[in-house]
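In what follows, a single structure is set out as structure tokens and then discussed.
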Amino acid sequence: MGEKKIGVLLVNLGTPKSFRPKDVFHYLNEFLTDGRVIDLPWLQRQCLVRGIIVPFRYKDSAKLYQRLWTEEGSPLLIHGLSVRDKLQSVLGEHFYVSLAMRYQTPSIKEGLEQLRQKQVDEILVFPLFPQYASATTGSVHQKVMDEIKHWQVIPKLTFVSSYADHPALIHAFCERARQYSLQSYDHVLFSFHGLPEKQIRKADEAGACLTSGCCDKQCKNNTFCYKAQCYATARAIASQLAMQPSSYTICFQSRLGKDPWIQPYTTEVLQACSAKGYKRLLVFCPSFVCDCLETTCEVSYEYAHTFKSMGGETVQLVEGLNSHPDWIEALKIMVREHTHSKSA
């Protein structure tokens, strides 16, 4: 018998087929009707999403996607394909790397089928979300299980849950930031994607979630807490860049609806920075490994405009890892760790 063949399924959130309103409409419907994204009873969720949220949002969202789109297409997909090809190259011939999106195409079903056709001996499911959340990583894992349960032969499966403070990931983020002089900015924001507080509490069996100091240090009780993992990511980046605690703030963006989401909100932190007389802000978005709507449009355009209206001067986004060589190296290291492969 030869060396085992290992399949690697990289999975990101998803992207519309185009920025046309009808394609954005279909994407938002699929995304927001996922029970792990909006955790309401099925009928209530369908009525809310299909009857209120999407009809009132899809045209505005389409305009944002048009601003984001490049000549090659969606950055999330373009960078994803590049990551797939580069990772395949550095892993070598005994690995087979496939790219999938949780919503739209290429689908998880298509990505898994590509690996099955290669007759792999095992599959590593690697969500491209450093911090675990039920709405992202949990949804990916559930979808993979839903698809693969129909296979007659199910190979060994390994699910990556999180890698929030993995040294290779932190190094990659820091290398992206080194093109900027930290001393030339008044303050640094670590702006993570937000989640409803009720989703955070549902994942907490110890009953301490969102109480004072519960995210300050990772422990057994908050192992799978999204907010605690976000704090761990930010602290690790700050430590490697020799940043003082007073020089940065951890916050959360992209709030949807009226229910309370995890705080502090990035918009409120911008106001606080303005009140302190800060003029130049540097912003990390470490819950995203690829630049997307929430980084390019929300931070670089919306938040930059908001901060300037408050009297600020600059909101500089630290670009995502995209398909940067340090990110490819980080992925190679983590894949080999999870598959126990020691090959160079």
Side-chain angles (χ1 to χ4, degrees), residues 1-15 30 34 36 74 76-164 166 168-169 172 224 288-290 321-344:
M1 295 179 63
E3 188 170 348
K4 289 192 304 182
K5 294 190 291 186
I6 301 173
V8 180
L9 183 69
L10 302 175
V11 189
N12 213 326
L13 189 72
T15 178
E30 182 182 358
D34 184 341
R36 285 182 176 264
S74 166
L76 196 74
L77 180 57
I78 299 305
H79 288 304
L81 293 171
S82 179
V83 167
R84 178 200 65 187
D85 294 344
K86 291 178 179 179
L87 183 60
Q88 178 68 72
S89 178
V90 298
L91 284 175
E93 61 181 358
H94 297 292
F95 286 85
Y96 298 93
V97 184
S98 179
L99 173 71
M101 298 292 174
R102 174 60 185 86
Y103 312 104
Q104 300 289 285
T105 57
S107 68
I108 286 176
K109 181 177 182 178
E110 292 168 336
L112 287 170
E113 183 60 29
Q114 289 176 7
L115 298 179
R116 180 161 68 162
Q117 293 297 321
K118 296 294 184 180
Q119 297 182 316
V120 296
D121 299 293
E122 64 178 279
I123 295 175
L124 176 68
V125 180
F126 200 110
L128 296 173
F129 316 114
Q131 304 83 20
Y132 178 87
S134 173
T136 53
T137 304
S139 181
V140 168
H141 290 177
Q142 178 177 321
K143 185 65 174 178
V144 168
M145 290 186 287
D146 286 345
E147 294 294 345
I148 213 164
K149 69 183 180 183
H150 302 291
W151 291 13
Q152 289 298 311
V153 177
I154 298 178
K156 176 184 176 181
L157 283 174
T158 302
F159 293 92
V160 176
S161 291
S162 65
Y163 41 99
H166 192 286
L169 173 81
F224 290 102
F288 305 98
V289 298
C290 178
L321 302 180
N322 298 326
S323 59
H324 191 276
D326 287 305
W327 176 223
I328 305 303
E329 179 64 19
L331 283 170
K332 183 185 78 170
I333 291 170
M334 291 186 282
V335 166
R336 292 199 179 282
E337 288 177 352
H338 282 285
T339 57
H340 306 292
S341 173
K342 305 300 182 182
S343 300

(message) Consider side-chain contact (heavy atoms from CB on, under 4.5 Å). Of Leu331, Thr339, Val335, Ile6, which one does Leu91 pass it with?
(response) Val335

Output the distance between atom [atom1] ([X]) and atom [atom2] ([Y]), rounded to the nearest 0.5 Å.
{"X": "Ser82", "Y": "His324", "atom1": "OG", "atom2": "NE2", "value": "12.0 Å"}
{"X": "Arg116", "Y": "Lys109", "atom1": "CZ", "atom2": "NZ", "value": "9.0 Å"}
{"X": "Leu9", "Y": "Leu115", "atom1": "CG", "atom2": "CG", "value": "6.0 Å"}
{"X": "Asn12", "Y": "Cys290", "atom1": "CG", "atom2": "SG", "value": "6.5 Å"}
{"X": "Phe224", "Y": "Ser134", "atom1": "CZ", "atom2": "OG", "value": "12.0 Å"}
{"X": "Ile328", "Y": "Ile333", "atom1": "CD1", "atom2": "CD1", "value": "12.0 Å"}

Quick one, [X] and [Y] - any side-chain contact, counting heavy atoms below 4.5 Å?
{"X": "Ser107", "Y": "Met101", "value": "no"}
{"X": "Thr136", "Y": "Val140", "value": "no"}
{"X": "Ser323", "Y": "His79", "value": "yes"}
{"X": "Arg336", "Y": "Lys332", "value": "yes"}
{"X": "Leu13", "Y": "Phe129", "value": "yes"}

(message) Looking at Gly111, is its backbone amide N or carbonyl O close enough to the side chain of Ser98 to form a donor-acceptor pair, meaning the two atoms are under 3.5 Å apart?
(response) yes

(message) I'd like to know if the side chain of Gln88 and the backbone of Phe95 have a donor-acceptor N/O pair within less than 3.5 Å.
(response) yes

(request) Report, as yes or no, whether the 6.0 Å neighbourhood of atom CD on Glu110 holds more than 12 heavy atoms from other residues, nucleotides or ligands. (result)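 Yes, because the 6.0 Å sphere around CD of Glu110 holds more than 12 heavy atoms from other groups.
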
(message) How about NZ on Lys5, more than 12 heavy atoms from neighbouring residues, nucleotides or ligands closer than 6.0 Å, or not?
(response) yes

Indicate the atoms forming the closest heavy-atom contact of [X] with [Y], along with that distance.
{"X": "Thr15", "Y": "Gln104", "value": "O-CB, 3.5 Å"}
{"X": "Arg84", "Y": "Leu10", "value": "CA-CD1, 4.2 Å"}
{"X": "Thr158", "Y": "Lys156", "value": "OG1-CE, 4.0 Å"}
{"X": "Gly14", "Y": "Leu76", "value": "O-CD2, 3.1 Å"}
{"X": "Val160", "Y": "Tyr163", "value": "CG1-CD2, 3.8 Å"}
{"X": "His141", "Y": "Phe159", "value": "CD2-CD2, 3.4 Å"}

(request) On the 0 to 90° scale, with breaks at 30° and 60°, tag the Phe126-His338 ring pair as parallel, tilted or perpendicular. (result)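 The arrangement is perpendicular - the two ring planes meet at more than 60°.
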
(request) Please determine if Arg102 and Asp34 form a salt bridge, counting it only when a charged side-chain N lies under 4.0 Å from a carboxylate O. (result)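 Counted as a salt bridge, because a side-chain N and a carboxylate O are separated by less than 4.0 Å.
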
(message) Is it true that Glu113 and Gln117 share a donor-acceptor pair across their side chains at a distance under 3.5 Å?
(response)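 Gln117 vs Glu113: donor-acceptor pair found between side chains.
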
(request) Test side-chain contact (heavy atoms from CB on, under 4.5 Å) on Lys143 and Glu147 and set out the steps. (result) CA-CA 6 Å; Lys143 185 65 174 178; Glu147 294 294 345; 3.4 Å; yes

(request) Report the C-alpha distance between Leu99 and Val83 in whole Å, list the side-chain angles of each, state the deciding distance to 0.1 Å, and finish with yes or no for side-chain contact (heavy atoms from CB on, under 4.5 Å). (result) CA-CA 9 Å; Leu99 173 71; Val83 167; over 6 Å; no

(request) I would like to know whether Tyr103 and Ser139 meet side-chain contact (heavy atoms from CB on, under 4.5 Å); could you show each step before the answer? (result) CA-CA 10 Å; Tyr103 312 104; Ser139 181; 3.5 Å; yes

(request) Determine, step by step, whether Leu169 and Trp327 satisfy the side-chain contact (heavy atoms from CB on, under 4.5 Å) criterion, reporting the C-alpha distance in whole Å, the side-chain angles of both residues, the deciding distance to 0.1 Å, and the verdict. (result) CA-CA 7 Å; Leu169 173 81; Trp327 176 223; 3.6 Å; yes

